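Beneath this line is the structure, given in structure tokens, with notes to follow.
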Amino acid sequence: MYEYDWSSIPGALPYLWEGMKVSLEITFVAIVAGIVWGTLLAMMRLSNLGPLSWFAAGYVNLFRSVPLVMVLLWFFLIVPQFLRAVLGLDPTTDTRLASAMVGFALFEAAYYSEIIRAGIQSVPKGQVAAAYALGMTYGQAMRLVILPQAFRNMVPLLLTQAIILFQDTSLVYVSALADFFGAAYKVGERDGRLVELLLFAGAVYFVICYSASYVVKRLHQGNGS
Amino acid sequence: MNYNWNWGIFLAQVPTGETTYLGWLLSGLQMTVMLSLSAWVLALALGSIVGVLRTVPVKWLAGFAAAYVELFRNIPLLVQLFIWYFVLPEILPGGTAFKQINPVAQQFLASMVCLAFFTSARVAEQVRAGINSLPRGQKNAGLALGFTLPQTYRHVMVPMAFRIIVPPLTSEFLNIFKNSAVCSTIGLLELAAQGRQLVDYTAQAYESFIAVTVLYLLINMVVMAVMRQVEKRTRVPGYIGAK
Amino acid sequence: MISIKNVSKWYGAFQVLKDCSTEIQKGEVVVVCGPSGSGKSTLIKCVNALEPFQQGDIVVNGISVADAKTNLPRLRARVGMVFQHFELFPHMTITENLTIAQTKVLGRSKEEATQKGLKLLDRVGLKAHADKYPGQLSGGQQQRVAIARALSMDPICMLFDEPTSALDPEMINEVLDVMVELAHEGMTMMVVTHEMGFARKVAHRVIFMDQGRIVEDAKKEEFFGTPRSERAQLFLSKILHH
Amino acid sequence: MISIKNVSKWYGAFQVLKDCSTEIQKGEVVVVCGPSGSGKSTLIKCVNALEPFQQGDIVVNGISVADAKTNLPRLRARVGMVFQHFELFPHMTITENLTIAQTKVLGRSKEEATQKGLKLLDRVGLKAHADKYPGQLSGGQQQRVAIARALSMDPICMLFDEPTSALDPEMINEVLDVMVELAHEGMTMMVVTHEMGFARKVAHRVIFMDQGRIVEDAKKEEFFGTPRSERAQLFLSKILHH
Amino acid sequence: AVVAAPAYAQELTGTLKKIKDTNTISLGHRESSIPFSYYDDKQQVVGYSHEIMLKVVDAIKQELKLPNLQIKLIPVTSQNRIPLVQNGTVDIECGSTTNNTERQKQVAFSNTIFIIGTRLLTRKDSGIKDFPDLAGKTVVTTAGTTSERLIRKMNEEKQMKMNIISAKDHGESFLTLETGRAVAFMMDDALLYGEIAKARKPGDWQVVGTPQSREAYGCMMRKDDPQFKKIVDATIAKLQTSGEINALYNKWFMSPVPPKGLNLNFPMSDDMKALHNNPNDKAYE
Ligand SMILES: Nc1ncnc2c1ncn2[C@@H]1O[C@H](COP(=O)(O)OP(=O)(O)OP(=O)(O)O)[C@@H](O)[C@H]1O
Ligand SMILES: Nc1ncnc2c1ncn2[C@@H]1O[C@H](COP(=O)(O)OP(=O)(O)OP(=O)(O)O)[C@@H](O)[C@H]1O
Ligand SMILES: [Mg+2]
Ligand SMILES: [Mg+2]
């Protein structure tokens with residue numbers, strides 16, 4: 001029988017909290033940027049202009065084909081150089097967090113755009129017709145009538161995706177950026193207590209994600225009635 | 001950037017001499033495909049059962065199914081894999097015997113079971129959504145014809161629900177290939193791990209990343225093509241969309 | 001044939017059915033009408049136990065629906081039901097829709113079931129569509145198939161829940177015609193509908209419901225002559241005048 | 001007021017409208033009827049350019065709908081439209097539904113718009129529901145709000161696409177009553193409907209469509225007296241007889 | 001008149017120029033390579049290699065006359081360390097990176113800072129004394145290391161019918177050994193002593209077997225930058241020939257180290273003593 005030794009955890013809590021902050025930061029930025037860019041992609045995808053719609057379709061398919069780990073690796077290796085070249089950054093600026101955020105945001109946008117596209121399509125076609133019939137322009141119809149309803153329908157799916165994203169931040173280990181999982185793993189490895197630290201991490205993830213999905217469910221029920 | 005490109009590296013012999021580096025990548029590809037397909041079959045079976053149970057009017061069954069889904073989708077895959085491989089054999093009665101079998105078989109089994117359970121929770125949610133999206137009258141129509149509840153599920157609701165959820169299932173199917181990359185962390189030599197090994201042995205990082213990315217894209221294209229056929233085959237004439 | 005005895009039903013705290021009682025004889029055609037939300041659908045679904053109820057009892061052909069020992073699938077197999085939205089199985093051809101319950105529930109052979117199904121399909125005038133899928137038929141045609149499907153089980157009585165209200169106006173009659181014919185053949189029928197023309201033509205009795213209660217239960221002639229409740233008068237004036 | 005000139009429209013290879021022409025004078029009420037899929041909705045949507053068409057032209061109040069230079073939103077703002085499924089905006093209160101287009105499209109002040117909206121709401125008998133959401137009203141009430149919403153833009157004419165066919169039978173009349181009143185006040189109206197009682201009461205002309213073509217276009221008295229086409233006779237017999 | 005330090009009279013180029021221009025040097029370090037380069041419990045980078053790297057920084061400060069040189073610490077992994085050196089994110093990495101000929105095609109290595117031998121970690125009661133005892137047994141090693149190559153080759157050449165598990169990192173390798181999946185863990189001896197120190201019961205474990213290879217750890221730098229390499233090599237050579245290195249060695253390998261006060265008890269090998277007498281940047285193999 002395995003002898004558990006949890007003594008590493010208390011001392012590591014500040015470090016783990018730093019990791020949790022990185023996880024939350026990345027999640028937050030990727031959600032906000034992902035939804036904005038995803039909305040634009042979804043509108044391009046639904047537009048009548050061939051090239052725009054093809055571009056959006058190609059983008060979404062490309063990002064959905066490659067494992068997130070590979071995307072992050074690419075971003076970690078290429079984006080810093082690119083940023084440096086474009087912005088003339090100091091070569092030693094730590095771009096790991098920025099490149100992870102960019103990578104996640106671009107990747108998640110592909111998923112969000114599919115959710116948002118479905119959300120827009122879930123609004124009855126008659127609503128667009130009604131908005132137009134009242135003399136609204138395309139922009140007004142989208143902003144005042146379609147998107148508010150679409151987002152309302154999508155809230156549960158958007159949040160579910162956010163929970164997945166939060167779990168996936170553990171993949172930033174490829175850039176040695178210590179998110180919550182990475183921090184737990186590193187402490188575990190350093191102290192030879194991997195099993196304990198990962199069980200602890202798993203429990204924390206479960207509590208956070210379960211609470212979040214409970215809230216999502218509540219919201220959904222509130223919506224449905 | 002001072003990087004030495006060397007695409008010929010794929011045809012070079014590996015240090016132990018039994019194959020080329022390309023051979024490594026291909027064996028990784030094979031492992032990824034085998035692992036993902038077997039896990040998918042299991043996930044589909046488990047997910048269908050759990051998804052159906054979530055909709056049945058028996059409280060404790062539906063509750064069990066809900067707990068199952070919450071458990072497997074709220075813990076990161078990486079952590080689950082670690083638990084299946086390192087923690088459970090220490091706790092479960094058959095664990096010692098399991099640890100004595102061939103190491104590759106151990107890694108494969110743990111990975112497969114882990115991916116299958118993780119994915120099954122997601123499949124179950126899709127199945128549930130599919131069943132719930134059917135008009136309520138369908139269940140009543142089945143019952144009114146004298147079908148028992150299981151017969152109604154078997155002949156009326158499940159076949160139609162599955163047709164409706166082919167597109168989201170396609171996403172999950174693609175995800176299982178991508179998620180299998182995580183299994184390299186317990187030493188299973190699948191595609192991503194072989195790619196990494198290639199970097200370790202040759203230091204030709206970019207060639208390796210590009211090759212691995214291309215192979216994943218290839219898998220993706222094949223899966224999409226297959227699922228498009230499935231969608232075509234199962235399409236119901238005259239039936240427009242799920243709504 | 002069908003006797004409904006003091007049935008009450010609640011959804012949570014909300015009472016949908018309030019002490020409903022009535023009796024339907026063999027060969028009788030009873031039309032149920034009333035405002036939206038008055039509990040018509042709920043009542044008719046209670047008859048073949050698609051909805052459970054908390055008080056009272058319903059006895060169909062001598063078998064109690066509320067009795068826990070009753071084999072409900074077997075009972076339901078003998079009671080035909082037609083829904084507002086047809087509820088054909090979209091992934092099966094018309095023939096499969098007509099035969100699946102015959103083979104899986106009654107245990108008939110495939111040939112026997114197909115033969116029976118096609119005969120009924122012919123009867124509702126749709127023989128040519130045997131190999132199509134429901135989605136390829138118009139609403140009126142789908143509803144006629146749904147009636148044929150119910151008949152394929154050799155039901156002892158038929159329940160209809162607003163069978164024409166989801167149809168385009170010009171298709172209503174093709175469905176009503178089939179139902180009129182059925183009534184003339186002596187089928188026991190309980191029909192929720194607002195088609196008062198149909199009621200006038202074939203009903204023996206009309207039941208009027210309001211807020212979960214059976215407010216009127218009268219011979220057709222009496223009902224259309226002098227409905228006793230004010231609510232029923234108002235309702236009739238509303239749906240007949242336009 | 002509205003003149004439709006040789007309009008043809010295709011969905012891909014399928015021709016929905018075939019060389020349709022008609023003229024609606026100021027103050028005239030025209031009812032459009034015909035079998036399902038005959039192109040009635042498509043035609044009426046072409047009038048305010050909700051559907052584009054490939055041939056012909058429609059001129060509303062002197063402005064060509066087909067002209068690329070026409071400011072379509074401005075044109076549509078002057079043409080009221082009422083839909084089969086109401087299409088109120090579910091995320092806004094009734095008052096917001098009534099004011100949003102007035103403020104955002106016509107640029108009226110919030111107070112002015114609210115005052116106007118509430119006056120119209122009163123007119124359709126729903127003043128008490130100003131702060132509810134559409135989902136909290138019955139179908140008939142929602143449709144009356146939809147009519148008020150269209151009127152709030154001070155339209156020069158009104159288009160109705162089967163305004164009562166999604167309603168429960170008892171609610172049809174409350175909507176028709178509002179429409180009859182509008183007609184009596186001299187509003188120019190183009191109404192797709194199967195309510196022949198309404199047509200009889202207020203229509204000046206009846207247009208009958210079949211397979212994308214305007215088959216009959218006659219004074220009301222002529223139409224109900226002796227419809228010339230066989231198809232129209234058949235159709236009338238089908239929808240009137242039950 | 002020009003006042004010039006004789007060794008660096010020529011114009012600055014490459015990394016040194018970049019350091020001078022930006023007044024910053026980026027150091028690549030590891031996060032859990034005990035005791036070479038890792039985080040202590042205050043999240044400070046510490047370790048034997050790290051201290052050597054800091055000595056190099058001191059030398060650069062002096063040579064370039066940059067008393068306020070900014071130090072940027074960048075954690076690297078075994079996977080990304082080479083690309084990071086190449087693309088300029090990291091100027092120099094001192095951790096536990098083996099100097100070998102393949103890597104020399106991508107990066108340059110400094111004078112050797114440590115020499116390890118690849119040996120076996122096993123339970124004291126396992127009966128494993130040396131490599132031949134492994135025949136037919138399961139052995140674990142860490143993916144991507146020289147040990148992995150060696151053990152695979154040995155298996156192939158001597159037909160030993162071993163099962164070889166390649167774990168992702170040393171932590172998992174040791175876990176594999178600890179949970180009884182493998183009878184031995186083949187790895188660099190220094191790291192094996194580190195794993196013993198971390199173990200729940202250090203007394204259960206021992207390092208055995210004839211060293212299968214020797215490996216030289218060096219610091220990584222960008223290729224073709226002789227000016228920079230010269231100053232790094234000179235610093236390391238001076239450390240070793242002056243004997244200053246002995247104190248450093250004792251601090252990290254013969255005394256308790258953070259975070260838990262573990263003592264590796266890993267005496268200096270003859271190879272290391274030889275190296276200190278004769279500093280060089282040669283790769284073994
Ligand atoms: N599953 C349910 N949960 C809660 N309330 C319900 C449920 N189903 C029906 N009701 C309510 O029960 C009442 C009766 O419903 P029912 O469908 O029987 O009415 P109905 O007379 O058939 O009306 P309609 O003409 O609209 O079909 C309604 O007020 C309805 O809102
Ligand atoms: N977006 C579309 N794409 C292709 N065909 C369409 C589209 N919209 C309508 N149609 C077809 O055009 C024809 C006319 O449709 P329309 O909705 O105008 O008929 P309608 O007379 O209003 O019928 P209903 O009484 O059912 O409302 C129908 O055959 C319909 O299938
Ligand atoms: Mg009903
Ligand atoms: Mg229409």
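Chain A is the first sequence line, chain B the second, and so forth, proteins listed ahead of strands; every chain is numbered from 1. Everything quoted here is computed from the prediction, not taken from an experiment. These values consider heavy atoms only, across backbone and side chains, with no hydrogens, waters or symmetry-generated copies.
Neither the backbone nor the side chain of K42(E) comes within contact range of chain A; no heavy atoms are under 4.5 Å apart. Only the backbone of D40(E) comes within less than 4.5 Å of a heavy atom in chain A; its side chain stays farther off. The part of L84(E) that comes within reach of chain A is its side chain, from C-beta onward, which places non-hydrogen atoms under 4.5 angstrom from that chain.
Counting non-hydrogen atoms of neighbouring residues, nucleotides and ligands closer than 6.0 angstrom, the NZ atom of K20(E) exceeds 12 such neighbours. Within 6.0 Å of CD in Q62(E) there are 12 or fewer heavy atoms belonging to other residues, nucleotides or ligands. Within a 6.0 Å sphere centred on CH2 of W6(A), heavy atoms belonging to other residues, nucleotides or ligands number more than 12.
Taking CG of D191(A) as the start and CD1 of I34(E) as the end, the distance is 7.0 Å to the nearest 0.5 Å. Atoms CG and CG, from L175(E) and L198(A) in turn, are 9.0 Å apart once rounded to the nearest 0.5 Å. Here CD of E31(E) is found 11.0 Å from CZ of R190(A). Values are rounded to the nearest 0.5 Å. In this structure, CD on Q43(E) lies 10.0 Å from NZ on K186(A), to the nearest 0.5 angstrom.
Not one N or O on the side chain of K198(E) forms a donor-acceptor pair closer than 3.5 Å with the backbone of R193(A).
Within the structure, salt bridge (Lys or Arg N to Asp or Glu O under 4.0 Å) pairs that include any residue of residues 159-171 of chain A do not occur (at least two apart or interchain).
No other option in Y39(E), F174(E), Y38(E) has as many heavy-atom pairs under 4.5 Å with chain A as Y39(E).
Evaluation of the ring pair (Phe, Tyr, Trp, His ring centres under 6.0 Å) rule for H170(E) yields no partner, not counting sequence neighbours.
Using a 4.5 Å cut-off on side-chain heavy atoms (C-beta onward), Y185(A) and E172(E) make contact.
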